[in-house]
Amino acid sequence: MQQHLADKNIALDLVRVTEAAALASATMTGRGDKEAVDQAAVNAMRIAFQGLHMRGTVVIGEGEKDHAPMLFNGETVGFGDGPEMDVAVDPVDGTSCVAFGRPNAVAAAGIAERGSMFNPGHSYYCNKLVVGREAADVIDIDAPVKDNVQKVAKALGKTVNELTVFVLDKPRHEKLASEIRAAGARVLLHPEGDIAGAIMATDPFSDIDMLMGIGGSPEAIVTACAIKGSGGQMLTRLNPLSDAERKAVEKDGIDLKAVRGLDDLVKSNQCYFACTGVTKGELLPGVAYRKGYAMTYSFTTRGRTGTRRFIQACHDRAKLSKMSTIRY
């Protein structure tokens, strides 16, 4: 990548993409229709990408799993000039949170230097273990839960009973949550949103110390863009939840036993991330409506510098709607 392109912080442009997805999907809050939430976000995100000066190829998209007509794997996005980039999107991480008015849904996207993103193929789920800078070198995805909890607590200078672990509230995690509690740590359960959970686990100012459990493989790549420059670590191993998924991954020729860290998921430090809150949460407030305006709250990171930014914006909904086919 040319030096003048590498010096540009594309994350500041990328935030317009996640803002658009959040604004569009937030209008569906509480309506009970997950598909409508996702469709609104996808439509808005796809249009917003057209304004970014890059030549992007979607590596992590809505994909085959969601039968998506837009932002599918292999699609080209961007204005068509500028640097060549891999693109990973999650138009709404937490569609049911939006549909049913629950917290912690975000619109998220990550981009990285072309050819640097790991493509998990037909893998939809993987084991994840995420910690911040101080504990990056002490975790082991194969170690017992108790061992990891104790080592992370020691690295952070905490007692185990002061440690808080983010876990998705899924039936598959009942045993995991019990083991974490038996080790003496606290468990913070959320129905969705392990992108936000991983970001908070690597944030030195967050109350969350680590993330554990099985989450989405595509979301892991988006997350890697977000935490690449944090000094933290995310260890993953693909974990198919069905025979069909396992066979599809094996057909892709991907090693199911391999442990992949941040540098395996996104190889280049020339990576950028943005997310915007859709519903209120611990990481970000959600979209807030004030008369004819909408307030958004976003978070961006840049892999090369590790810079993290929080951005608050006020949008004139009438003007936005006149400029776009999207209803804001």
Novice: Would you mind listing the cluster partners of Val15? Hydrophobic ones only (ILVMFWY), side-chain contacts under 4.5 Å, chaining allowed.
Specialist: Leu12, Ile311

Novice: If we count only N and O atoms by modelled type, under 3.5 Å, do the side chains of Glu113 and Ser116 hold a donor and an acceptor together?
Specialist: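 No, Ser116 and Glu113 have no side-chain donor paired with an acceptor closer than 3.5 Å.
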
Novice: Is a salt bridge present between Arg46 and Glu75, judged by a nitrogen-to-oxygen distance below 4.0 Å?
Specialist: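 Looking at Glu75 together with Arg46, the answer is yes, because their closest N to O distance falls below 4.0 Å.
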
Novice: Would you call Val160 and Lys158 a side-chain contact if the rule is heavy atoms closer than 4.5 Å?
Specialist: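 Sidechains of Lys158 and Val160: no contact.
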
Novice: Any heavy-atom pair between the side chains of Tyr289 and Thr27 that's under 4.5 Å?
Specialist: yes

Novice: Excluding sequence neighbours, so at least two apart, what forms side chain to side chain contact (heavy atoms under 4.5 Å, CB included) with Arg55?
Specialist: Glu84

Novice: Would you please name every residue forming a side chain to side chain contact (heavy atoms under 4.5 Å, CB included) with Phe205, sequence neighbours left out?
Specialist: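 Only Asp203 meet the side chain to side chain contact (heavy atoms under 4.5 Å, CB included) criterion with Phe205.
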
Novice: For His190, what residues pass the ring pair (Phe, Tyr, Trp, His ring centres under 6.0 Å) criterion, not counting sequence neighbours?
Specialist: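 Once residues adjacent in sequence are excluded, the partners of His190 under the ring pair (Phe, Tyr, Trp, His ring centres under 6.0 Å) criterion are Phe166.
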
Novice: I'd like to check Gln312 versus Pro285 (side-chain heavy atoms, cut-off strictly below 4.5 Å). Are they in contact?
Specialist: no

Novice: Run through the side-chain heavy atoms of Ile, Leu, Val, Met, Phe, Trp and Tyr, join any pair under 4.5 Å, and report what else lands in Phe79's cluster.
Specialist: none

Novice: Strictly below 4.0 Å, N to O, side chains only: are Lys151 and Asp140 in salt-bridge contact?
Specialist: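 Salt bridge flag = no for Asp140 with Lys151.
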
Novice: Can you confirm whether the side chains of Thr164 and Arg186 place a donor and an acceptor under 3.5 Å from each other?
Specialist: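 On atom types as modelled, these side chains qualify, holding a pair under 3.5 Å.
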
Novice: Answer yes or no: is there an ion pair linking Asp13 with Arg16, defined by an N-O contact shorter than 4.0 Å?
Specialist: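 Yes, Asp13 and Arg16 are salt-bridged.
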
Novice: Show me the pairs that pass salt bridge (Lys or Arg N to Asp or Glu O under 4.0 Å) and involve residues 166-185, at least two apart or across chains.
Specialist: Lys175-Glu179

